[in-house]
Amino acid sequence: MTDRYAVFGNPIGHSKSPRIHSLFAAQTGQDISYQAILAGKEGFVAAVHAFIAASDGLARGANVTVPFKEEAFRLATRRTPRAEAAGAVNTLSFEAGAVIGDNTDGAGLIRDLKNNLGCDPAGRRVLLLGAGGAARGAILPLLLEGPAELVIANRTEETAARLALEFANSFTRLPGCAVDVKPDGMGFPDLAGRQFDLVINATSAGLSSAALPLPTSVFALRCVAYEMVYGRETPFMAQARANGARVADGLGMLVEQAAEAFFIWRGVRPHTEPVLAALRSTS
Ligand code: ATR
């Protein structure tokens, strides 16, 4: 009996998740199927229920991508602390009438930074660009790594300030989430003269090839610049490179968040290195 999984999104045609999970399954000898499902903009919940109903009791879980992560959060009957902190769910597990919601994006980012890029956020000055869903998911996982500081900078300063305050006031109340550093929120102009060892672009600017008005000073010596977008050279990557930073795109985060979901579902942690290499060789 083959356990069934799916990824829901809109659009979904170019999703790499089915390939990643089938490579994980082959590597670990797990008997699963994993399909991409295009849900209508208003049809996410119905699509999940249809998938479960059509699976003869074998639907075990799902990934959720843009634009349904907030809806998946509401669909979940139980949520992990990191999903609560992210305000979004990218991994669902179907268990005896319960729908458990988790968020593996932040863990994927941290694993990619530490294991694949040799960049441990501990003790580093970290700058997170953006204050939307992608940035929100990264905040708690970054704080738990014990950075020297975490600054959230956004085009709309007020959103960054609000997000920083929200985390400063609330994350310590989550189980196992006592951390020392409180994030600071600001606008891009406030970054003038400040330096960071790790700069993470969680804005969606790269998707429209828009440049960010960043002061060049933000890239400290030996800075790592991380772009969450993958598959293209964004203006942020070009700017970081021009200022001497070591640059990474978000493909590793994609593979690592998938590995974390696979681990939640199957109890086995796949090796990500060959999968990442396979994706890089064909992209
Ligand atoms: P996501 O889920 O990808 O984070 P989102 O919630 O819509 O998407 O958030 C998009 C983020 O990218 C926001 O922080 C947005 O800044 P604003 O809050 O000022 O809108 C940021 N962003 C998008 N396009 C941008 C651009 N051209 N320059 C700077 N920031 C941009």
Side-chain angles (χ1 to χ4, degrees), residues 7-12 14-17 39 41 44 63-75 82-91 101-110 112 126-142 150-167 183-192 194 196 199-216 218-219 225-240 243 248-254 256-257:
V7 57
F8 294 86
N10 186 330
I12 201 67
H14 294 292
S15 172
K16 296 183 190 299
S17 293
K41 288 268 162 70
F44 168 69
N63 284 133
V64 182
T65 186
V66 179
F68 301 125
K69 291 183 186 182
E70 282 82 11
E71 237 182 300
F73 180 90
R74 292 191 292 273
L75 175 70
R82 61 190 183 181
E84 292 286 352
V89 156
N90 77 334
T91 303
D102 202 344
N103 191 311
T104 65
D105 286 331
L109 169 69
I110 300 297
D112 192 32
V126 180
L127 172 60
L128 180 64
L129 302 170
R136 175 180 278 272
I139 297 173
L140 184 63
L142 281 169
L150 177 63
V151 169
I152 303 165
N154 194 44
R155 175 174 62 183
T156 312
E157 175 187 347
E158 188 192 336
T159 323
R162 208 181 319 125
L163 192 58
L165 192 66
E166 187 188 326
F167 271 82
D184 245 349
M186 58 187 68
F188 292 138
D190 304 315
L191 295 170
R194 300 191 61 158
F196 298 88
V199 181
I200 301 167
N201 186 16
T203 75
S204 52
L207 295 174
S208 59
S209 297
L212 298 172
L214 286 179
T216 53
V218 299
F219 302 101
Y226 195 98
E227 169 64 87
M228 282 196 188
V229 168
Y230 58 84
R232 64 171 85 185
E233 172 85 2
T234 66
F236 168 76
M237 292 165 85
Q239 186 178 5
N243 285 284
D249 74 359
L251 192 64
M253 177 175 169
L254 177 77
E256 296 293 346
Q257 65 76 30

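Here the structure is a predicted model, which means the values were calculated and not measured. Just so you know, ligand 1 is whichever comes first in the structure, and atom 1 is the first atom listed for that ligand.
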Please state which protein non-hydrogen atom is closest to atom 7 (O) of ligand 1 and give its distance, to 0.1 Å?
-> Ser204 OG, 4.9 Å
Any donor-acceptor pair under 3.5 Å linking the side chain of Thr104 with the backbone of Gln257?
-> yes
Under 4.0 Å to a heavy atom of Ala210 - the qualifying atoms of ligand 1, by number | 27 (N)
Could you check which of Glu70, Glu158, Met228, Arg155 puts a non-hydrogen atom nearest to atom 30 (N) of ligand 1?
-> Arg155
Can you pull the side-chain hydrogen bond (donor to acceptor under 3.5 Å, both in side chains) pairs that have at least one residue in residues 225-240, sequence neighbours excluded?
-> Asp112-Tyr226, Asn201-Glu227, Glu227-Thr234, Glu233-Arg241
Hey, are the side chains of Val64 and Leu75 touching, using non-hydrogen atoms and a 4.5 Å cut-off?
-> no
Locate the shortest heavy-atom distance separating Gly9 from Thr65; write the atom from each residue and the value.
-> CA-CG2, 3.7 Å
Separation between CG of Asp102 and CG of Asn90, rounded to the nearest 0.5 Å = 7.5 Å
Nearest atoms (heavy-atom pairs only) where Pro141 meets Gly106 | CG-CA, 3.6 Å
Those atoms of ligand 1 less than 4.0 Å from some heavy atom in Ala134 | 1 (P), 2 (O), 4 (O)
Closer than 4.0 Å: a protein non-hydrogen atom to atom 1 (P) of ligand 1 | yes
Taking atom 19 (O) of ligand 1 as the reference point, the nearest protein heavy atom with its distance = Thr156 OG1, 2.5 Å
N or O contact, Thr203 vs ligand 1, cut-off under 3.5 Å = no
If we only count N/O pairs under 3.5 Å, is Ser208 in contact with ligand 1?
-> no
Just need the protein heavy atom nearest to atom 6 (O) of ligand 1, so name the residue and atom and give the distance.
-> Gly133 N, 3.1 Å
N/O to N/O below 3.5 Å, does that happen between Thr159 and ligand 1?
-> no
How close do Met186 and Ala160 get, heavy atom to heavy atom, and via which atoms?
-> O-CB, 3.6 Å
Would you mind telling me if ligand 1 is within reach of the side chain of Val66, the backbone, both or neither, using heavy atoms under 4.0 Å?
-> neither
Classify the ring geometry between Phe236 and Phe219 as parallel (under 30°), tilted (30 to 60°) or perpendicular (over 60°).
-> tilted
Write out the residue and atom name of the closest protein heavy atom to atom 9 (O) of ligand 1, then the distance separating them to 0.1 Å.
-> Gly132 CA, 3.4 Å
Please could you name the atoms of ligand 1 that Gly130 approaches to less than 4.0 Å, counting only its heavy atoms?
-> 14 (O)
Top protein contact for atom 15 (C) of ligand 1, by heavy-atom distance | Asn154 OD1, 4.0 Å
Got a salt bridge between Arg74 and Glu70, using NZ or NE/NH1/NH2 to carboxylate O under 4.0 Å?
-> no
Heavy-atom closest contact (Leu109 atom, Ala138 atom, distance) | CD2-CB, 3.8 Å
Got the closest protein heavy atom to atom 29 (C) of ligand 1, with its distance?
-> Leu212 CD2, 3.3 Å
